[in-house]
Chemist: 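Below you will find the structure I want to go over with you.
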Amino acid sequence: MEDSVSNTVLIIAFSMLLAALVLAFARLLKGPSINDRIAAMDLIAAVVMGFVLVYSVMINKSIYFDIPVIISLISFIGTVAVSTYLKHRYG
Amino acid sequence: MDKIIISTLMLAGAFFILVAAIGIVRFKDLYSRLHASTKAPSFGIFLIVLGVSLFFNMPIVYLKGFFIIVFVYLTAPLAAHSIVKSFNDKEKDTNSFLQKKEPKS
Amino acid sequence: MKLLKKIYFTLEFIVFYLVKLVEANFYIAWDILTPKMHTKPAFMEIPVTLKSDLGLLLFSNLLSMTPGTMSMDISPDKKTVLVHVLYYSTDDIMLKDFNRIQDKIKRVTG
């Protein structure tokens, strides 16, 4: 563990991200409109990207860096797809 | 010295994502919530990607990190825009969008 | 000479964008973490004089990233942008700020 980041930093970062995930999930459960839920899902995608990045530092494998590229594209397409569906349904 | 910079960047990124989550719970209406959930997570991802690519220090990782940052910064305003468009079309009968001055709150 | 000037303006614009980005995030973090909210939300229609599509993309993207403003919609003839403002003061001050950003973008895209 000569070369790595100290374990305390990783645990603090993980706990911050976990708190963010819980708060976003609360908004996802009780959002008054569907659009609040879509915004919360967008935020959850960002939180998951942060989790994967911090985890790749923890186990010291750079191959995990591919996953956030995919998540950033997929979450955008999902958001636009659900919004377009809502627009056509209510419009 | 390197480790201090990397740790600071990662903690700051996680902190900004946490700020976005608190904001999405605390704000009162959808538009203010979108303010919180557009700006802060993009900046948090930016900081975390910067820290992690400094940690691995390989050319391919820098390239992938650049792609992540460009995708996130191009798509976050578009996602907010599409959410707002679908929100307003639902109540189009009450007030036309481009004439409305005061927010409905 | 013209190319050199354009490169200079582009670099200046990138620095300006990054400064605004960091400033916006600290504004919103301070606003969220203090118990009393200082927000005064309002909608504004601002006229744009930019012609090119790249300029409009840069302008709306920068508006979404600057402190307290977010671009929402554009009129079909590309003359007006609807903006949601989080810290509203008066029309004149905000319009002067928006026009300064538009001048910067106009110098980059030509």
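Note: hydrogens, waters and symmetry copies are ignored here, and every other heavy atom, side chains too, is used. So that the names make sense, note that chain A is the first sequence line, chain B the second, and so on, each numbered from 1.
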Chemist: Which heavy atom of V52(B) sits nearest to which heavy atom of S56(A), and what is that distance?
Modeler: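 Taking every non-hydrogen atom into account, CG1-OG, 4.0 Å.
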Chemist: Identify which part of I6(B) has an atom lying under 4.5 Å from any heavy atom of chain A, answering side chain, backbone, both or neither.
Modeler: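 The side chain, not the backbone.
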Chemist: Rounded to the nearest 0.5 Å, how far apart are CG of L86(A) and OG of S82(B)?
Modeler: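 If I round to the nearest 0.5 Å, the distance is 10.0 Å.
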Chemist: Tell me, side chain or backbone of V61(B) under 4.5 Å from chain A's heavy atoms, or both, or neither?
Modeler: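 Answer is both: backbone and side chain atoms of V61(B) are under 4.5 Å from chain A.
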Chemist: Check the pair L78(B), V80(A) against side chain to side chain contact (heavy atoms under 4.5 Å, CB included), reporting the backbone distance first and the verdict last.
Modeler: CA-CA 8 Å; L78(B) 287 177; V80(A) 172; 5.9 Å; no
Chemist: Is L18(A) in contact with chain B via its backbone, its side chain, both, or neither, using a 4.5 Å heavy-atom distance?
Modeler: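 Neither part.
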Chemist: Of all of L53(A), V57(A), T79(A), L43(A), which one pairs up most often with chain B through heavy atoms under 4.5 Å apart?
Modeler: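 Between L53(A), V57(A), T79(A), L43(A), the count favours V57(A).
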Chemist: Below 4.5 Å from any heavy atom of chain A, which atoms of L34(B) appear? Answer side chain, backbone, both or neither.
Modeler: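 Only the side chain of L34(B) comes within 4.5 Å of chain A.
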Chemist: Quick one: which of D66(A), D42(A), I71(A) has the most heavy-atom pairs under 4.5 Å with chain B, could you say?
Modeler: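 Winner by heavy-atom pair count: D66(A).
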Chemist: Would you say that L23(A) contacts I24(B) through its side chain, given a criterion of any heavy-atom pair below 4.5 Å between the two side chains?
Modeler: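 Heavy-atom side-chain distance check fails, nothing below 4.5 Å.
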Chemist: Please state whether the side chain, the backbone, both or neither of I4(B) comes within less than 4.5 Å of a heavy atom of chain A.
Modeler: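 Contact with chain A is absent: no heavy atom of I4(B) under 4.5 Å.
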Chemist: I would like to know whether T84(A) and K85(B) meet side chain to side chain contact (heavy atoms under 4.5 Å, CB included); could you show each step before the answer?
Modeler: CA-CA 9 Å; T84(A) 312; K85(B) 286 280 270 196; over 6 Å; no
Chemist: More than 12 non-hydrogen atoms from neighbouring residues, nucleotides or ligands closer than 6.0 Å to OH on Y62(B), yes or no?
Modeler: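 Counting other residues, nucleotides and ligands, OH of Y62(B) exceeds 12 neighbours.
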Chemist: Name the option with the most non-hydrogen atom pairs under 4.5 Å to chain B; the candidates are D36(A), V54(A), I38(A).
Modeler: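 That would be D36(A).
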Chemist: May I have the step-by-step check of side chain to side chain contact (heavy atoms under 4.5 Å, CB included) for I60(B) and F65(A), ending in yes or no?
Modeler: CA-CA 10 Å; I60(B) 184 71; F65(A) 217 85; over 6 Å; no
Chemist: Specify the closest pair of heavy atoms between A20(A) and L18(B), including all atoms of both residues, with the distance to one decimal.
Modeler: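 The answer is N-CD1, 3.7 Å.
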Chemist: Would you mind checking which part of L10(A) comes under 4.5 Å of any heavy atom in chain B, side chain (CB onward), backbone (N, CA, C, O), both or neither?
Modeler: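 For L10(A), the side chain is the part near chain B, not the backbone.
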Chemist: Is it true that atom CZ of F56(B) has more than 12 heavy atoms of other residues, nucleotides or ligands lying nearer than 6.0 Å?
Modeler: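 Result for CZ/F56(B): enclosed.
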Chemist: Within the 4.5 Å heavy-atom criterion, are N35(A) and S86(B) side-chain neighbours or not?
Modeler: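 Yes, at least one pair of side-chain atoms sits under 4.5 Å.
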Chemist: Assess whether atom CZ of F25(A) is packed by more than 12 heavy atoms of other residues, nucleotides or ligands within 6.0 Å.
Modeler: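 Open.
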Chemist: Side chain, backbone, both or neither: which part of F16(B) has an atom under 4.5 Å from a heavy atom of chain A?
Modeler: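 Looking at F16(B), nothing touches chain A.
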Chemist: Most heavy-atom pairs under 4.5 angstrom with chain A, which of A79(B), S53(B), A40(B), G51(B)?
Modeler: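 Top option by heavy-atom pairs under 4.5 Å: A79(B).
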Chemist: Could you point out which residue of I48(B), V49(B), I17(B), I45(B) forms a side chain to side chain contact (heavy atoms under 4.5 Å, CB included) with M49(A)?
Modeler: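 Among the candidates, only I45(B) passes.
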Chemist: Report the residues that fulfil side-chain hydrogen bond (donor to acceptor under 3.5 Å, both in side chains) with R27(A), sequence neighbours left out, ordered by chain and then residue number.
Modeler: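 R27(A): no side-chain hydrogen bond (donor to acceptor under 3.5 Å, both in side chains) contacts found.
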Chemist: So which pairs with a foot in residues 4-27 of chain B pass side-chain hydrogen bond (donor to acceptor under 3.5 Å, both in side chains), sequence neighbours left out?
Modeler: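 Sorted result for residues 4-27 of chain B: empty, none.
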Chemist: More than 12 heavy atoms of other residues, nucleotides or ligands under 6.0 Å from CD1 of I63(A): is that the case?
Modeler: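 Incorrect, the count does not exceed 12.
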